[in-house]
Amino acid sequence: MRLAMEEAERAARAGDVPVGAVVLSADGTVLATGHNEREATGDPTAHAEVLALRRAAAALGEWRLTGCTLIVTLEPCVMCAGALVQSRVDRVVFGALDEKAGAVGSLWDLVRDRRLNHRPEVVHGVLAEECAALLTRFFRDR
């Protein structure tokens, strides 16, 4: 989570919402990182999770991220939760809850919907206060 928080800081320095993500392989090796790049790229899908998943898939040479863990500072939105299901990650670990747009337990629980063909394990609340403080500081300063 500390590495994801460093990525979130990179997003904030670039003027984007400070969300950072890391994808770990089954043995705990860092496969990829990402941070929000919507402002830098003008791409509405350039969320930290999506970018980290894309980079991890490129590193592995396939789209199935079986055995992998995605760690992210903020609860994923609907788009990112869908990407997590589609990528077949085994585990999602996140810090702060997103009560306005969260799709991993807050508003929706997309990743654990029994109608879907893949449901990753969810671990939430890891360094939640520190992750939330990144966001609070960013929006207060704006």
Side-chain angles (χ1 to χ4, degrees), residues 1-114 116 118-142:
M1 185 61 78
R2 296 271 181 218
L3 182 54
M5 291 172 69
E6 289 174 21
E7 285 292 318
E9 292 284 1
R10 289 180 67 196
R13 286 193 300 274
D16 215 323
V17 177
V19 178
V22 176
V23 177
L24 303 177
S25 68
D27 68 4
T29 303
V30 174
L31 287 175
T33 61
H35 58 272
N36 278 357
E37 295 182 20
R38 293 179 306 168
E39 298 299 332
T41 63
D43 178 356
T45 69
H47 287 205
E49 302 95 311
V50 170
L51 296 174
L53 291 171
R54 287 177 184 162
R55 292 170 185 153
L60 290 176
E62 71 167 292
W63 63 267
R64 287 180 189 88
L65 300 179
T66 306
C68 294
T69 298
L70 178 115
I71 301 167
V72 62
T73 57
L74 180 65
E75 179 182 0
C77 69
V78 172
M79 176 183 69
C80 294
L84 291 165
V85 171
Q86 292 299 316
S87 70
R88 310 297 197 267
V89 297
D90 280 7
R91 186 175 304 102
V92 179
V93 177
F94 69 89
L97 290 172
D98 185 348
E99 295 177 4
K100 294 181 180 178
V104 185
S106 288
L107 287 181
W108 300 280
D109 200 352
L110 185 67
V111 300
R112 291 181 280 208
D113 189 316
R114 293 197 179 278
L116 297 175
H118 179 73
R119 291 181 298 280
E121 174 189 357
V122 175
V123 178
H124 63 88
V126 176
L127 299 178
E129 290 180 17
E130 292 176 56
C131 291
L134 291 170
L135 293 155
T136 301
R137 205 168 35 249
F138 176 79
F139 288 111
R140 182 187 62 229
D141 292 347
R142 288 183 76 94

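Every heavy atom of this structure was used, including side-chain atoms; hydrogens, water molecules and symmetry mates were not.
Pairing each heavy atom of Ala128 with each of Gly95, the nearest pair is CB-O, 3.5 Å. The shortest heavy-atom contact between Ala32 and Ala56 is CB-N, 3.4 Å. Across all their heavy atoms, Ala96 and Cys131 have their closest contact at N-CB, 3.9 Å. Between Trp108 and Ala101, the shortest heavy-atom contact is CZ3-O, 4.1 Å. Residues Val92 and Pro120 share a closest heavy-atom pair of CG2-CG, 4.0 Å. Across every non-hydrogen atom of Phe139 and Val17, the tightest pair is CZ-CG2, 3.8 Å.
Legend: residues meeting salt bridge (charged side-chain N to carboxylate O under 4.0 Å, His left out) with Arg137, ordered by chain and number and at least two apart, are Glu9. Evaluation of the side-chain hydrogen bond (donor to acceptor under 3.5 Å, both in side chains) rule for Thr33 yields Glu7 as partners, not counting sequence neighbours. With sequence neighbours left out, Thr136 forms a side-chain hydrogen bond (donor to acceptor under 3.5 Å, both in side chains) with no residue at all. The salt bridge (charged side-chain N to carboxylate O under 4.0 Å, His left out) search around Arg112 returns Asp109, not counting sequence neighbours. For Ser106, the side-chain hydrogen bond (donor to acceptor under 3.5 Å, both in side chains) criterion is met by Glu75, not counting sequence neighbours. Residues forming a salt bridge (charged side-chain N to carboxylate O under 4.0 Å, His left out) with Glu121 (at least two apart in sequence, or on another chain): Arg91. Here Arg88 pairs with nothing under the side-chain hydrogen bond (donor to acceptor under 3.5 Å, both in side chains) rule; sequence neighbours left out. Residues passing the salt bridge (charged side-chain N to carboxylate O under 4.0 Å, His left out) test with Asp90, sequence neighbours excluded: none.
You'll find the side chain of Thr69 stays beyond 4.5 Å of the side chain of Val89, heavy atoms only. Two residues are said to be in side-chain contact when any heavy atoms from C-beta on lie closer than 4.5 Å; His35 and Asp16 fail this criterion. Two residues are said to be in side-chain contact when any heavy atoms from C-beta on lie closer than 4.5 Å; Val30 and Val22 meet this criterion.
The CG atom of Leu65 sits 7.5 Å away from the CG atom of Leu31 when rounded to the nearest 0.5 Å. Note that CZ of Phe94 is 11.0 Å distant from OG1 of Thr73, once rounded to the nearest 0.5 Å. Put simply, CG on Leu110 and CG on Leu116 are 5.5 Å apart, with the number rounded to the nearest 0.5 Å.
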What pairs of donor and acceptor atoms, side-chain ones from residues 76-87 against any protein atom, are under 3.5 angstrom apart with sequence neighbours left out?
unit_1	atom_1	unit_2	atom_2	d
Ser87	OG	Ala83	O	3.2
Ser87	OG	Leu84	O	3.1

Show me the side-chain donor-acceptor pairs of residues 39-54 shorter than 3.5 Å, one per line, residues at least two apart or across chains.
unit_1	atom_1	unit_2	atom_2	d
Thr41	OG1	Glu37	O	2.7
Thr41	OG1	Asp43	N	3.2
Asp43	OD1	Thr45	N	2.8
Asp43	OD1	Thr45	OG1	2.7
Asp43	OD2	Thr45	OG1	3.2
Thr45	OG1	Arg54	NH2	3.4

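A salt bridge (Lys or Arg N to Asp or Glu O under 4.0 Å) check over residues 122-134, counting only residues at least two apart or in different chains, returns the pairs Arg2-Glu130. Pairs passing the side-chain hydrogen bond (donor to acceptor under 3.5 Å, both in side chains) check and including a residue from residues 92-103, sequence neighbours excluded, do not occur.
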**Study point:** Test log, rule side-chain contact (heavy atoms from CB on, under 4.5 Å), inputs Val93 and Val72
**Key:** CA-CA 6 Å; Val93 177; Val72 62; over 6 Å; no

Review point. Where do Leu24 and Cys68 land on the side-chain contact (heavy atoms from CB on, under 4.5 Å) test, with the steps shown first?
Key: CA-CA 5 Å; Leu24 303 177; Cys68 294; over 6 Å; no

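When the shell of 6.0 Å around CZ of Arg55 is examined, it contains more than 12 heavy atoms from other residues, nucleotides or ligands.
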